[in-house]
Amino acid sequence: MSYGISFLRREPGQTWPDAYEALEERAPETVDYAIWSTVAVAVRDVLGVVSEDLLNCEVTQLSTGLMVTCHLGQWSVTLPCPPTDEITASLREVAEIVERATGLTAYDSRLGATLSEPADYARSIAAFDAVAAQPGA
């Protein structure tokens, strides 16, 4: 079970859960490689040693698996394991990089809420941990 953050644009009158649902239904978009390049360079500065897949627009921190992707115009930050205290700061910093470059907002679909403050990330991680602790998760 992996931890993930989506990035959304909310239209006027739309709730965040509606914006997330619209993201799932939206037609694929081409990647804006100028924005991707800006994000990739900034993320490398934060994460240090990374693997970069330019064709698939992915940057992955080798030591943690923290990954930033832009797949068919849909941005996400994922982690293959529960976030630890050490990783959380990098996770927030990477999400802020994506937000600044794209104008999108970090969103946790488990909470149905945006992530903008450290306390938001703490709630998001607690919700993930609660689900991950359930039998069969």
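Numbers for residues simply follow the sequence, beginning at 1.
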Nearest heavy-atom contact between Q61 and L47 is NE2-O, 3.0 Å

The complete set of salt bridge (Lys or Arg N to Asp or Glu O under 4.0 Å) pairs with one or both residues in residues 91-109, sequence neighbours excluded, reads D108-R110

Between S116 and Y121 the two heavy atoms that sit nearest each other are N-CE1, 4.4 Å

All heavy atoms of P80 vs all of S2, minimum pair found to be CA-CB, 3.9 Å

- Query: Hey, quick one: are V68 and V41 part of the same hydrophobic cluster, counting side-chain heavy atoms closer than 4.5 Å, chains of contacts allowed?
  - Reply: no

Those residues at least two apart in sequence (or on a different chain) that pass salt bridge (Lys or Arg N to Asp or Glu O under 4.0 Å) with R10 are none

- Taking the side chain as every heavy atom from C-beta outward, state whether L104 and V98 have any atom pair closer than 4.5 Å. no

Worksheet item: Side chains of V59 and W36: closer than 4.5 Å at any heavy-atom pair?
Response: yes

| field | Residue D45 excluded, over 12 heavy atoms near CG under 6.0 Å | value | yes

dist T102:OG1 -> I97:CD1 (nearest 0.5 Å) comes out at 11.5 Å

>> Can a side-chain donor-acceptor contact be found between T69 and S76 if the only test is distance below 3.5 angstrom?
In response: yes

Connected to Y107, directly or through other members, by ILVMFWY side-chain contacts below 4.5 Å are L8, W16, Y20, L23

inquiry  = Starting from V131, can I reach L91 by hopping between I/L/V/M/F/W/Y residues whose side chains sit under 4.5 Å apart?
reply    = yes

Hey, does the side chain of S37 reach the backbone of Y33 with a donor-acceptor pair shorter than 3.5 angstrom? no

Do F7 and V43 sit in one hydrophobic cluster, given that two such residues count as connected whenever their side-chain heavy atoms are within less than 4.5 Å of each other, even indirectly?
yes

For L115 and D120, the nearest pair of non-hydrogen atoms, with its separation, is CD2-O, 3.6 Å

Query raised in the report: Same cluster for V77 and L54 if Ile/Leu/Val/Met/Phe/Trp/Tyr side chains link at under 4.5 Å?
Result: yes

S51 meets the side chain to side chain contact (heavy atoms under 4.5 Å, CB included) criterion, sequence neighbours left out, with L62

Note: V31 and C57 closest approach over all heavy atoms is CG1-SG, 3.6 Å

Hits for salt bridge (Lys or Arg N to Asp or Glu O under 4.0 Å) against R44, two or more places apart or cross-chain, chain-then-number order -> E52

Contacts satisfying salt bridge (Lys or Arg N to Asp or Glu O under 4.0 Å) that involve residues 18-28 (not counting sequence neighbours) are R26-E29

### same_hphob_cluster(L79, I5) at 4.5 Å side-chain heavy-atom cutoff
yes

TODO: Just do the side-chain contact (heavy atoms from CB on, under 4.5 Å) check on I87 and L66 with the steps written out, would you?
DONE: CA-CA 8 Å; I87 297 172; L66 185 115; 4.0 Å; yes

What one should report as the nearest heavy-atom pair of Y3 and S124 is OH-OG, 2.6 Å

Fill in: Evaluation steps, side-chain contact (heavy atoms from CB on, under 4.5 Å), between R123 and L111
CA-CA 8 Å; R123 281 191 297 279; L111 293 178; 4.1 Å; yes

